[in-house]
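To keep things clear, I will list the structure first and then write my remarks on it.
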Amino acid sequence: MRSLNNILELSVEEIDELIKTALDIIENPGSYSEICKGKKLATLFFEPSTRTRLSFEAAMMELGGNVLGFSEATSSSASKGESVADTSRVVSCYADIIAMRHPKEGAPYVASLNATVPVINAGDGGHNHPTQTLADLLTIYRERGTLNNMTVGFCGDLKFGRTVHSLIQALSRYTGIKVVLISPEELKLPSYVKKDTLSANNIPYEQTNDLESAISQLDILYMTRVQKERFFNEEDYLRLKDSYILDPDKLVTAKKDLVIMHPLPRVNEISVAVDADPRAHYFDQVLNGKYMRMALILMLLGLNREV
Ligand code: NCD
């Protein structure tokens with residue numbers, strides 16, 4: 001039995017396999033519509049979510065399975081003091097697979113040690129978000145035809161942004177990757193990601209606080225929201241929240257085939273005027289996330305399309 005806590009637990013070959021399955025699902029949705037008949041996915045969300053939870057649920061439904069779960073800690077026994085370990089043991093009696101989001105780093109990992117069914121990390125605090133990365137990788141692959149040879153700019157809250165940490169880890173295994181880290185001083189990428197991922201894999205990277213001067217060299221621009229819920233004081237959040245706002249003026253010097261991404265929800269980071277730009281792909285990420293979650297559920301349950 002296998003869980004997914006961190007994107008690096010999937011090999012590059014397995015990620016290729018997931019992309020292949022997702023592309024096949026897009027081509028042949030009917031061949032997958034009953035494959036999870038009789039199976040149940042539990043979504044245990046101790047932190048707010050729109051996309052990730054609904055995307056897991058839609059993914060399981062489109063595979064013919066059923067879903068159960070809760071969308072806030074207050075509606076679960078966590079509010080009575082139950083531990084994540086006990087909750088995951090209990091839910092293992094009801095479901096074949098669990099997707100868990102939790103504000104505490106490592107909580108889904110603890111769940112995976114105690115559950116008797118696979119546990120998928122659907123976001124743990126300011127740490128990791130491997131299934132958003134699967135959505136991001138499929139989006140990049142569909143736009144560029146490869147995951148190699150590109151300069152990727154990450155802009156915004158690189159400190160608390162778990163989607164950034166997981167995507168950088170995933171990209172560090174491809175060739176010809178350069179990274180540009182664009183953030184205010186206080187929201188720089190944590191040094192453990194720089195050291196263990198970028199430096200350890202000899203990925204060239206630069207750090208700047210200036211989006212406008214960096215934008216022309218980028219093939220991918222990954223914008224992120226300042227993670228309000230991780231701040232200790234509101235004043236800091238208010239000062240930093242609008243550090244970067246991507247608008248059509250800032251895109252004047254950008255490449256014609258730039259891929260603009262954002263894991264969503266967006267607050268002010270991308271002006272709605274950018275939505276009509278053909279380079280905007282943040283709503284494609286949403287759909288791609290559902291297909292990759294379908295592929296991941298099949299992989300972890302050991303199910304294949306009958307051919
Ligand atoms: C992200 C998250 O939860 O980390 N959202 C998502 O899952 N698409 C990004 C965010 O909340 O800013």
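Order of listing sets the numbers, starting from 1, for every ligand and every atom in it.
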For [X], the ligand 1 atoms whose distance to one of its heavy atoms is below 4.0 Å:
X	result
Thr52	6 (C), 7 (O)
Thr163	1 (C), 4 (O)
Arg101	3 (O), 7 (O)

Among all the protein's non-hydrogen atoms, which is closest to [atom], and how far away is it?
atom	answer
atom 8 (N) of ligand 1	Pro263 O, 2.9 Å
atom 11 (O) of ligand 1	Arg225 NH2, 2.8 Å
atom 4 (O) of ligand 1	Arg162 NE, 2.8 Å

message = Between Glu57 and Arg53, does any side-chain N to carboxylate O distance fall below 4.0 Å?
response = yes
ask   = Is Leu264 touching ligand 1 with its side chain, its backbone, both, or neither, if touching means heavy atoms under 4.0 Å apart?
value = backbone
ask   = Same hydrophobic cluster for Val226 and Tyr282, using side-chain heavy-atom links shorter than 4.5 Å among ILVMFWY?
value = no
inquiry  = Test of understanding: clusters of I, L, V, M, F, W, Y form through side-chain heavy atoms closer than 4.5 Å, transitively. Do Val12 and Met150 belong to the same one?
reply    = yes
key: Spacing of Asp275 atom CG and Phe283 atom CZ [to the nearest 0.5 Å]   = 5.5 Å
message = Counting only heavy atoms from other residues, nucleotides and ligands, does the tally under 6.0 Å from OH of Tyr192 exceed 12?
response = yes
ask   = Is it true that the NZ or CZ of Arg293 lies under 6.0 Å from the centre of Phe56's six-membered ring and within 45 degrees of the ring axis?
value = yes
